[in-house]
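A short worksheet on the structure shown next.
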There are 2 protein chains.
Amino acid sequence: MHVRTLCLGALALGDASGYEIKKLFEDGVFSHFSEASFGSIYPALTKLTDDGLLTCQAHSQEGRPDKKVYSLTDLGRAAFQEALSQPIQADKYRSDFLFCLIFANQMPTLRVSEILDNKLKELKEEHNRIEAEGIVPNTPSSDLVKEFGAHVTLSMIEFLEENRLRIEALGCETGACLSTPCEAVG
Amino acid sequence: MHVRTLCLGALALGDASGYEIKKLFEDGVFSHFSEASFGSIYPALTKLTDDGLLTCQAHSQEGRPDKKVYSLTDLGRAAFQEALSQPIQADKYRSDFLFCLIFANQMPTLRVSEILDNKLKELKEEHNRIEAEGIVPNTPSSDLVKEFGAHVTLSMIEFLEENRLRIEALGCETGACLSTPCEAVG
DNA sequence: AGGGGTATATATAGGTCTGATATAGAATAT
DNA sequence: ATATTCTATATCAGACCTATATATACCCCT
C-alpha cells in the first residue's frame with residue numbers, strides 16, 4: 001500500500017497537516033502496524049493535491065511555518081473507497097531479532113541474554129503503549145485493532161518468557177565462538 | 001539491517017548463489033521474518049565481493065547461465081560477527097489488513113467478511129508452512145525461531161476466529177456506506 | 001508436436017521509501 | 001542561562017522493491 005493511500009486513509013479520519021499525519025503513524029491509531037516517514041508523506045500530499053484528491057488550506061501561525069491543513073475532496077474520498085476495495089497485500093513481519101537468533105550459536109551466552117532482555121523490554125513497552133494510550137479516534141474498529149495488537153504482543157512475550165532457558169542455551173560458552181565459529185551447516 | 005548483512009548471514013549458513021540466497025528468504029529459514037529481492041541481493045553480492053568480504057567462484061552449467069557461488073572470507077566472517085554485536089533494530093510489522101479494518105465502517109459487511117476470510121486463510125497457510133516444511137538448516141536455533149513463528153501465527157488465528165462476529169459487525173449495512181460515508185471522527 | 005507453466009539463473013532500470021539533514025521559533029526542562 | 005524537546009515543513013542521498021529482460025530446461029496438457 002502506497003504512502004499516498006495511507007495519507008488518504010489518515011485524512012479520512014479528519015483533516016490534518018503532514019506533521020499530524022506523521023504522528024498518527026508514530027504514536028496514533030496506525031502506530032503498531034503501519035509506518036511512513038516525512039520524506040514520503042510531504043511529497044505524497046503535494047502529489048495528491050496536484051491530482052485533485054486533496055485541498056490544502058494554509059493556517060498562518062505566529063513564529064512557526066504555516067500549518068498546511070489538508071482535506072479530502074470527493075475525488076479523494078472516492079479514490080480511497082476504491083483502494084479499500086482492492087485486494088489486500090499480505091502482512092509483512094521483519095525481525096532482526098529473529099534473524100540474529102538464528103546465529104545465536106555464534107554469540108556468547110551473555111549476548112543472547114542481552115538481546116532477549118532487550119526484546120522483552122521492547123515488547124512490554126509496546127504492549128503497555130497499546131493498552132494504556134488514549135489514542136484518538138476511539139471507534140469500535142480502532143478498539144478491535146488495538147486488542148489484536150495487544151493479544152499478539154502478549155503472545156510473543158509469553159513465548160519468549162516460557163522459552164528463556166532454551167534460548168539462552170543456544171549461545172556459545174564465553175568467547176569460544178569467536179575463535180572457532182561454529183558452523184551451522186557442514 | 002542492510003541487505004548486505006542479510007547476505008553475509010545467509011552465507012554464514014553455507015556457500016550459495018544469489019538465487020539460492022533469495023530462496024532462503026522466500027521459502028527457507030528466513031522466510032517468515034525477513035525478505036530481500038533480487039534487485040537488492042545481486043548488487044549487494046557484487047559490492048561485498050569488491051570489498052573483499054566474499055569470494056566468488058563461477059560453476060559453469062550446461063544450458064544455464066554460470067552459477068556464481070559465493071563464500072565468506074575471513075574478513076566477511078568478522079564483519080558479520082561485528083554486525084551481530086551491534087544494537088538490534090526494533091521489529092517492524094506492516095499490515096494493510098489492519099489498516100483497512102480501521103475503515104471497516106466504510107465497507108459493506110460482505111467485504112469485511114471477505115478480507116477476514118482471506119486473512120485467516122493466509123495465516124493458516126503460513127502456519128502450516130512453518131510447521132510442515134523440511135527447512136534446512138535444522139538447528140536448535142532455527143527450531144526455536146520456527147516455534148516462535150508458529151506460536152504467533154496461531155495466536156493471530158485464534159484472535160480473529162474468536163472475534164469474527166465483532167469484526168463483521170463493523171461493516172456498514174449493504175451499500176449504505178458508499179452513498180453516505182460514515183465519518184469516523186466528527 | 002506445440003503451447004503454457006514452472007524452475008533455474010543473473011541482471012538492471014524505474015519508481016518508491018527511509019534516514020539524515022536543514023531551518024526556525026516556542027515551550028519546557030535543567 | 002542553557003539545553004533539549006516540540007512544532008512544522010522540506011529535500012536529498014542512498015537503499016530497496018517491482019517489473020522486466022534474457023536464456024534454457026523440464027513437465028503437463030491437449
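In this text, all values refer to a predicted model and were calculated from it rather than measured experimentally. Throughout, a chain's letter reflects where its sequence line sits, starting with A, and its residues are numbered from 1.
Annotation: cation-pi geometry satisfied between A:Lys22 and A:Phe38 (NZ/CZ under 6.0 angstrom from ring centroid, within 45° of ring axis).
When the nucleotides D:dC17, C:dT18, C:dT10 are ranked by their closest atom to the side chain of B:Ser17, C:dT10 comes out on top. Taking the side chain of A:Phe38 as heavy atoms from C-beta on, and the options C:dT10, D:dT11, D:dA15, the nearest nucleotide is D:dT11. Distances were taken from every side-chain heavy atom of A:Lys68 (C-beta onward) to each of D:dT9, C:dA9, D:dA10; the shortest belongs to D:dA10. Among C:dT18, D:dA15, D:dT11, the nucleotide with an atom closest to any side-chain atom of A:Ser40 is C:dT18. When the nucleotides D:dT11, C:dT8, C:dT18 are ranked by their closest atom to the side chain of B:Tyr19, C:dT8 comes out on top. In this structure, the nucleotide among D:dC17, D:dT9, C:dT10 sitting nearest to the side chain of A:Arg94 is D:dC17. When each of D:dA15, C:dT16, C:dA9 is scored by its nearest atom to the side-chain atoms of B:His2, the top-ranked nucleotide is D:dA15. Side chain of B:Lys67, nearest nucleotide from D:dT9, C:dT10, D:dT18: C:dT10.
Below 30°, between 30° and 60°, or above 60°: for B:Phe80 and A:Phe99 the angle between ring planes is above 60°, a perpendicular geometry.
For the pair A:Leu45 CG and C:dC17 P, the interatomic distance rounds to 12 Å; values are reported in whole Å. Taking atom CG on B:Asp27 and atom P on C:dT6, their separation rounds to 14 Å, with Å as the unit. Following rounding to the nearest Å, B:Leu48 (CG) and D:dA15 (P) show an atom-to-atom distance of 12 Å. If you take CG of B:Leu24 and P of C:dA9, they are 14 Å apart, rounded to a whole angstrom. The OH-P distance, from A:Tyr42 to C:dA20, rounds to 18 Å in whole Å.
Between B:Pro43 and B:Gln89, it is B:Pro43 whose nearest contact on DNA chain C lies nearer the 5' terminus. When each of B:Lys92 and A:Arg4 is assigned the nucleotide of DNA chain C with its nearest heavy atom, A:Arg4 is the one assigned upstream, toward the 5' end.
Around the CG atom of A:Asp74, the shell of radius 6.0 Å holds no more than 12 heavy atoms that belong to other residues, nucleotides or ligands.
Residue B:Lys23 is classed as a sugar-phosphate contact, given heavy-atom separations below 4.0 Å to backbone atoms only. A:Gly39 comes within 4.0 angstrom of a nucleotide base, judged by non-hydrogen atoms across all strands.
When all heavy atoms of A:Leu48 and A:Arg4 are compared, the pair lying nearest together is CD1-O, 3.6 Å.
Of the charged side-chain nitrogens involved, at least one lies within less than 4.0 Å of a carboxylate oxygen, so that A:Arg166 and B:Glu147 count as a salt-bridged pair.
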